[in-house]
*Asks:* 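The following block contains the structure, expressed as structure tokens.
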Amino acid sequence: MAVIRDVMPAFDLLQPSSIADAQKLLQQHGADAWVMAGGLDSFDWLKDRIKRPKVLVDLSGIEELKGVRAASDGIEIGAMTTLTEVVNNPLVKQHYGLLAQGAELAASPQIRNQGTIGGNVTQDARCWYYRAGWPCYRASGNICYADTPEGRNREHAILHADRCVAVNPSDSAPALIALDAKFVMRTPKGERVVDAEDYFIGPEIDITRLHILQPGDLLTTIRIPSTWAGAQFYFEKVRDRNVWDFPLLNVASAMFVSNGIIERMRIAVNGVAARPLRLKSVEDAVRGKPANAATGEMAGKLAVQGAVPLQFNAYKIPLMRNLVKRAIGGVEEPTWAS
Ligand SMILES: Cc1cc2nc3c(=O)[nH]c(=O)nc-3n(C[C@H](O)[C@H](O)[C@H](O)COP(=O)(O)OP(=O)(O)OC[C@H]3O[C@@H](n4cnc5c(N)ncnc54)[C@H](O)[C@@H]3O)c2cc1C
Ligand code: SF4
């Protein structure tokens with residue numbers, strides 16, 4: 001057997017058993033600390049020797065961060081709940097099936113057994129150059145290797161790019177936005193609660209992160225209110241291979257329809273920008289319209305307004321248009337043909 005001589009850089013492993021202890025450790029070590037949940041994204045970085053934290057704060061021993069609970073209005077999901085538990089939870093399945101659908105399409109069963117919902121929404125970009133340690137904008141360098149005439153950018157952004165054209169790769173994030181979830185964080189200043197869509201940020205705000213967490217912050221809970229419980233849900237993910245693979249694009253929607261008319265709808269897509277996008281203009285435009293192919297067609301066109309393709313990802317524009325159309329008007333035809 002080969003002997004690996006270039007060992008992973010050493011770090012101190014700290015294993016708190018309460019949120020309060022985790023916070024103390026994070027404050028003590030500041031930017032030297034790395035929060036670890038299931039480790040699936042974290043260990044890629046560490047084993048590739050690209051991120052080199054001095055201290056790893058492992059959340060796996062904190063019981064208060066685990067599990068799905070009924071709340072006064074809806075449910076609460078601890079950030080350390082595995083994707084498998086989320087998918088199999090009866091409350092999630094019965095009332096918020098959209099999240100179960102999205103989470104079940106993430107990665108593989110083994111990864112979902114270990115990967116957590118908090119890690120899934122906080123995971124980093126999957127751009128090949130960045131993950132390989134190239135010194136691009138997102139890695140505090142001065143160039144984007146993907147946004148060049150010959151760059152590998154098939155998977156990259158068509159909307160809201162700003163120097164970096166990487167996309168957010170989460171399958172659970174758009175479902176949580178469509179369900180109007182709230183993300184609860186513990187920060188050094190106290191508890192902070194934000195709408196799911198505001199947890200995610202684009203490069204125009206901070207090019208080095210996909211989310212609002214700062215060193216010292218912890219995502220503790222995801223709250224899903226009952227507002228969209230039992231709605232008509234639609235989740236679709238398109239990926240290169242129908243086994244574990246990141247989304248090229250996904251769509252998640254919740255819709256209340258009465259006598260064929262859309263009363264209200266929330267819809268989000270991911271894989272098109274550095275943050276999952278809530279399509280507010282679509283939600284407004286379809287209210288009061290029939291839930292049919294014509295409304296879907298109109299919504300699809302609206303959704304892709306302003307999209308700018310890179311050299312190799314123009315296919316994402318008709319793909320996004322058609323996924324939005326199908327979310328509203330039902331499945332009628334293959335999606336990726338324009
Ligand atoms: C081969 C492979 C295929 C995959 N395919 C998909 C896919 O198709 N769809 C998809 O959605 N995902 C996919 N993933 C991503 C996978 O689901 C995530 O890596 C996983 O969900 C991350 O969760 P984790 O618990 O392992 O987090 P970790 O890897 O431990 O953490 C991820 C990041 O989040 C931070 N973090 C985690 N939890 C917290 C918290 N509570 N507070 C503050 N910061 C936190 C960590 O510091 C780290 O930066 C894939 C991953 C792999 C390795
Ligand atoms: S897309 Fe973003 S992450 Fe990828 S090379 Fe360009 S700047 Fe880096």
Side-chain angles (χ1 to χ4, degrees), residues 19 22-23 26 33-46 51 53 56-60 62 65 78-83 86 102-108 110-148 151-153 155-157 161-175 183-187 199 203 207-222 237 239-241 243-248 250 270-271 274 276 310:
I19 296 175
Q23 276 199 288
L26 290 174
W34 180 280
V35 173
M36 190 177 75
L40 288 153
D41 197 13
S42 298
F43 271 106
D44 272 2
W45 286 119
L46 305 179
K51 308 270 185 186
L56 218 67
V57 178
D58 170 14
L59 306 182
S60 65
I62 306 181
L65 287 176
M80 285 298 290
T81 310
T82 65
L83 293 173
V86 170
E104 190 162 25
L105 286 171
S108 65
Q110 293 88 341
I111 291 171
R112 293 194 295 275
N113 286 345
Q114 173 71 15
T116 64
I117 188 81
N120 191 263
V121 294
T122 315
Q123 62 177 303
D124 210 341
R126 284 275 157 186
C127 169
W128 309 111
Y129 300 99
Y130 174 56
R131 300 298 295 207
W134 292 41
C136 66
Y137 283 127
R138 189 164 287 279
S140 303
N142 211 14
I143 184 174
C144 172
Y145 299 97
D147 192 7
T148 57
R152 288 182 66 185
N153 53 37
E155 299 82 5
H156 289 66
D162 181 345
R163 292 160 293 147
C164 175
V165 292
V167 295
N168 184 298
S170 170
D171 280 314
S172 63
F183 286 18
V184 184
M185 290 157 289
R186 289 281 184 88
T187 77
Y199 184 74
I207 206 164
T208 64
R209 299 177 292 147
L210 297 183
H211 51 75
I212 58 173
L213 294 179
Q214 298 279 358
D217 293 353
L218 273 181
L219 174 66
T220 59
T221 313
I222 292 174
K237 166 179 179 173
R239 49 190 159 178
D240 276 327
R241 305 169 307 147
V243 290
W244 58 267
D245 209 351
F246 288 94
L248 292 168
N250 60 27
N270 210 0
L310 302 165

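Model, not experiment: these values are computed from the prediction. Atoms within a ligand are numbered from 1 in the order they appear, just like the ligands themselves.
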*Asks:* Do the non-hydrogen side-chain atoms of P276 and N250 ever get within less than 4.5 Å of each other?
*Replies:* no

*Asks:* Starting from the C-alpha separation in whole Å, work towards a yes-or-no answer on salt bridge (charged side-chain N to carboxylate O under 4.0 Å, His left out) for K51 and D41.
*Replies:* CA-CA 11 Å; K51 308 270 185 186; D41 197 13; over 6 Å; no

*Asks:* Would you say ligand 1 has an N or O under 3.5 Å from any N or O of G39?
*Replies:*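 Among all N and O atoms of G39, at least one is under 3.5 Å from an N or O of ligand 1.
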
*Asks:* Which atoms of ligand 1 sit under 4.0 Å from any heavy atom of D245?
*Replies:* 7 (C), 8 (O)

*Asks:* Note the single closest protein heavy atom to atom 38 (N) of ligand 1, along with its residue, its atom name and the distance in Å.
*Replies:* A37 CB, 3.4 Å

*Asks:* Within a strict 4.5 Å, meaning less than it, do heavy atoms of the I19 and R186 side chains meet?
*Replies:*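 Yes, close enough: below the 4.5 Å cut-off.
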
*Asks:* Looking only at side chains, do S170 and N168 share a donor and an acceptor under 3.5 Å apart?
*Replies:* no

*Asks:* Below 4.0 Å, non-hydrogen atoms only: which portion of I111 touches ligand 1? Side chain, backbone, both or neither.
*Replies:*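 Answer for I111: side chain.
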
*Asks:* For residues 141-148, run the donor-acceptor check on the side chains, cut-off 3.5 Å, and write out each pair with its distance to 0.1 Å, sequence neighbours left out.
*Replies:*
residue : atom : partner : partner atom : Å
T148    : OG1  : Y145    : O            : 3.0
T148    : OG1  : G151    : N            : 3.0

*Asks:* Check the surroundings of atom CH2 in W45: do more than 12 heavy atoms from other residues, nucleotides or ligands lie under 6.0 Å from it?
*Replies:* yes

*Asks:* Could you check if a side-chain atom of D124 sits within less than 4.5 angstrom of a side-chain atom of R131, using non-hydrogen atoms only?
*Replies:*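 Yes, side chains in contact.
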
*Asks:* Mind checking whether L59 contacts ligand 1 via backbone (N, CA, C, O), side chain (CB onward), both or neither, at a 4.0 Å heavy-atom cut-off?
*Replies:*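 For L59, only side-chain atoms sit under 4.0 Å from ligand 1.
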
*Asks:* Give the atom numbers and elements of ligand 1 that come within less than 4.0 Å of a heavy atom of D41.
*Replies:*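 In order of numbering, the contacting atoms are 19 (O), 29 (O), 32 (C).
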
*Asks:* Have a look at A107, G216, S108 and point out the one with the heavy atom closest to atom 6 (C) of ligand 1.
*Replies:* A107

*Asks:* Does T220 reach the main-chain N or O of V184 with its side chain, forming a donor-acceptor pair under 3.5 Å?
*Replies:*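 Checked: pair present.
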
*Asks:* How does A79 reach ligand 1, by side chain, by backbone, by both or by neither, if only non-hydrogen atoms under 4.0 Å count?
*Replies:* side chain

*Asks:* May I ask you to test the T116-T81 pair for a side-chain heavy-atom distance under 4.5 Å?
*Replies:* no

*Asks:* What protein heavy atom is closest to atom 27 (O) of ligand 1, reported as residue, atom name and distance in Å?
*Replies:*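 Answer for atom 27 (O) of ligand 1: G119 CA, 3.4 Å.
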
*Asks:* For atom 41 (N) of ligand 1, find the nearest protein heavy atom and state the residue, atom name and distance (0.1 Å precision).
*Replies:* L219 O, 2.9 Å

*Asks:* From atom 47 (O) of ligand 1, work out which of V35, I19, L210 has a heavy atom at the shortest distance.
*Replies:*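 Closest candidate by heavy-atom distance is V35.
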
*Asks:* I want to check something: taking the side chain as every heavy atom from C-beta on, are M185 and L213 in contact at a cut-off of under 4.5 Å?
*Replies:*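 M185 vs L213: side chains touch.
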
*Asks:* For the backbone of R152 and the side chain of Y129, can you confirm whether one donor and one acceptor N or O come within less than 3.5 Å of each other?
*Replies:* yes

*Asks:* Quick one: look up the protein heavy atom nearest atom 15 (C) of ligand 1 and list residue, atom name and how far away it is.
*Replies:* Q123 OE1, 3.2 Å

*Asks:* What part of P169 sits under 4.0 Å from ligand 1 if we count only heavy atoms: the side chain, the backbone, both or neither?
*Replies:* backbone

*Asks:* Strictly distance-based, threshold 3.5 Å: is any side-chain N or O of R163 a donor or acceptor partner for the main-chain N or O of P203?
*Replies:* yes

*Asks:* Pick whichever of F246, W45, W34, W244 has a heavy atom sitting closest to atom 13 (C) of ligand 1.
*Replies:*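 Of the listed residues, F246 has the closest heavy atom.
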
*Asks:* Among all protein non-hydrogen atoms, which one is nearest to atom 11 (O) of ligand 1, and what is the separation to 0.1 Å?
*Replies:* D171 N, 2.8 Å

*Asks:* Would you tell me which option among G271, S42, G78, S170 has the nearest heavy-atom contact to atom 48 (C) of ligand 1?
*Replies:*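 Checking each option, the heavy atom nearest atom 48 (C) of ligand 1 is found in S42.
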
*Asks:* Quick check on L213 - does any of its heavy atoms sit under 4.0 Å from an atom of ligand 1?
*Replies:*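 Yes, that is the case, since the closest heavy atom of the residue is under 4.0 Å from the ligand.
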
*Asks:* Do N270 and D171 have side-chain heavy atoms sitting under 4.5 Å apart?
*Replies:*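 With C-beta onward as the side chain, the pair stays apart.
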
*Asks:* Atom 33 (C) of ligand 1: which of L40, L83, L65, T122 has the nearest heavy atom?
*Replies:* T122

*Asks:* Show which atoms of ligand 1 fall inside a sub-4.0 Å distance from at least one heavy-atom site of K237.
*Replies:*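 Per the distance check, 7 (C), 8 (O), 9 (N).
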
*Asks:* For M80 and ligand 1, answer yes if some heavy atom of the residue is under 4.0 Å from a ligand atom, otherwise no.
*Replies:* no

*Asks:* Taking the side chain as every heavy atom from C-beta outward, state whether F183 and I212 have any pair of such atoms under 4.5 Å apart.
*Replies:*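 No, side chains not in contact.
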
*Asks:* Ignoring water, what protein N, O or S atoms are under 2.8 Å from atom 6 (Fe) of ligand 2?
*Replies:*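 Less than 2.8 Å away from atom 6 (Fe) of ligand 2 sit C144 SG.
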
*Asks:* Can you tell me which residue among K237, R239, E155, Q123 is in a side-chain contact (heavy atoms from CB on, under 4.5 Å) with F246?
*Replies:* Q123

*Asks:* Taking R112 for the side chain and A107 for the main chain, is one N or O donor matched with an acceptor at less than 3.5 Å?
*Replies:* yes

*Asks:* Using a strict cut-off of 4.0 Å, indicate which atoms of ligand 1 neighbour a heavy atom of N120.
*Replies:*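 Numbered from 1, ligand 1 contributes 10 (C), 11 (O), 12 (N), 17 (O), 21 (O), 22 (C), 23 (O).
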
*Asks:* Please examine the side chains of T187 and Q214, heavy atoms only from C-beta on, and report whether any two atoms are closer than 4.5 Å.
*Replies:* no

*Asks:* Any idea which part of Q110 is under 4.0 Å from ligand 1, heavy-atom wise: side chain, backbone, both or neither?
*Replies:*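 None of Q110 does.
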
